[in-house]
Amino acid sequence: MSFDPRAFVEPARPHTLALLRIVTALLFTCHGAASLFGVLGGAHGATLPTGQWPGWWAALIQLAGGLLVLLGLGTRPAALLCSGSMAYAYFSVHQEKALWPIQNGGELSVLFCWVFLAIAVTGPGSLALDLLLRRPDARRRPAVANRAA
């Protein structure tokens with residue numbers, strides 16, 4: 001008799017993905033709200049001027065994209081947009097200061113970029129509005145369908 005860890009891990013996968021999505025999106029949304037509205041300490045104690053490129057637009061993506069991912073609504077495209085915005089932030093703001101994220105202050109941009117990319121690829125997990133809005137027949141089909149017809 002042997003212990004198979006997959007029997008324990010596999011049922012937890014959708015819930016673990018959902019928790020990763022929710023926590024990451026909540027933190028991302030807080031960054032956007034702080035920059036746009038000055039809440040939660042604001043962006044260095046101030047709000048960004050409306051329409052300012054690229055900061056205000058990045059904050060808008062953080063707020064709107066973060067909320068969509070948090071709710072699990074349009075998760076994959078919203079997560080991809082969030083990931084791309086963080087890649088842009090890293091290469092346009094941080095990378096010119098030094099090569100490594102630890103040296104240039106870009107760790108958070110890198111982490112957000114990769115986690116949102118993972119969410120875009122893996123999907124929202126459980127507890128997502130996307131799952132509720134699927135067509136009834138799509139809910140009954142397995143996640144990976146045989147398309148060799």
Side-chain angles (χ1 to χ4, degrees), residues 8-147:
F8 174 74
V9 173
E10 286 303 316
R13 181 184 300 234
H15 308 300
T16 305
L17 284 172
L19 287 172
L20 176 68
R21 172 183 55 82
I22 290 165
V23 169
T24 302
L26 180 62
L27 293 172
F28 200 64
T29 301
C30 287
H31 274 276
S35 298
L36 292 173
F37 308 120
V39 298
L40 307 169
H44 309 291
T47 60
L48 295 170
T50 303
Q52 176 196 28
W53 178 258
W56 186 85
W57 294 99
L60 186 62
I61 290 171
Q62 290 169 353
L63 182 67
L67 280 173
L68 288 171
V69 174
L70 177 67
L71 296 171
L73 186 61
T75 306
R76 289 177 189 254
L80 190 61
L81 177 64
C82 293
S83 176
S85 74
M86 288 294 95
Y88 178 83
Y90 181 76
F91 287 109
S92 67
V93 175
H94 299 286
Q95 211 277 322
E96 63 188 30
K97 297 175 187 170
L99 178 63
W100 295 101
I102 193 73
Q103 296 172 315
N104 63 32
E107 303 98 330
L108 201 53
S109 294
V110 170
L111 281 171
F112 276 133
C113 176
W114 285 104
V115 172
F116 279 120
L117 182 61
I119 292 167
V121 169
T122 61
S126 62
L127 304 171
L129 290 178
D130 284 343
L131 300 175
L132 295 175
L133 299 176
R134 282 187 188 166
R135 292 185 311 235
D137 62 324
R139 285 188 219 149
R140 282 186 242 123
R141 284 186 286 188
V144 177
N146 183 4
R147 301 199 188 266

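Atoms considered below: every heavy atom in the structure, side chains included; atoms not considered: hydrogens, waters and symmetry mates.
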**Q.** CZ on Phe28 to CG on Leu108, rounded to 0.5 Å
**A.** 9.0 Å

Q. With side chains defined as the heavy atoms from C-beta onward, is the minimum distance between Val115 and Leu20 less than 4.5 Å?
A. yes

Q | From OG1 (Thr16) to CD (Glu10), nearest 0.5 Å | A | 10.0 Å

Q.
I need the Ile61 CD1 to Trp56 CH2 distance, nearest 0.5 Å.
A. 10.0 Å

(Q) Given Leu71, which partner from the list Leu129, Ile22, Leu127 fulfils the side-chain contact (heavy atoms from CB on, under 4.5 Å) test? (A) Leu129

(Q) Show the nearest heavy-atom pair for residues Tyr90 and Ser109, with the distance to one decimal. (A) CB-CB, 4.2 Å

Q. Are any non-hydrogen side-chain atoms of Leu68 and Thr75 less than 4.5 angstrom apart?
A. no

Q. Below 4.5 Å, heavy atoms only, C-beta onward: do His31 and Phe112 meet side chain to side chain?
A. yes

**Q.** Approximate separation, where rounding is to 0.5 Å, of Asp130 CG and Leu73 CG
**A.** 6.0 Å

Q. So, the side chain of Ser126 versus the backbone of Ala18: is there a donor-acceptor pair under 3.5 Å, distance only?
A. no

Q) For the atom pair CD (Gln62) and SG (Cys82), what is the distance rounded to the nearest 0.5 Å? A) 8.0 Å

(Q) I'd like to know if the side chain of Thr122 reaches the main chain of Ala118, judged simply by a donor and an acceptor atom lying under 3.5 Å from each other, with no hydrogens or angles considered. (A) yes

**Q.** Closest contact, heavy atoms only, Pro101 versus Val110
**A.** CG-CG2, 3.9 Å

Q.
Using a 3.5 Å distance criterion without hydrogens, assess whether the side chain of Arg21 forms a donor-acceptor pair with backbone atoms of Gly125.
A. no

**Q.** Sidechain-backbone polar pair: Ser35 side chain, Gly32 backbone, donor-acceptor under 3.5 Å
**A.** no

**Q.** Closest contact, heavy atoms only, Gly66 versus Thr29
**A.** C-OG1, 3.0 Å

Q | Exam field: side chain Ser83 to backbone Phe116, donor-acceptor pair closer than 3.5 Å | A | no

(Q) Atom CG of residue position Leu99 - does it have more than 12 heavy atoms of other residues, nucleotides or ligands inside 6.0 Å? (A) yes

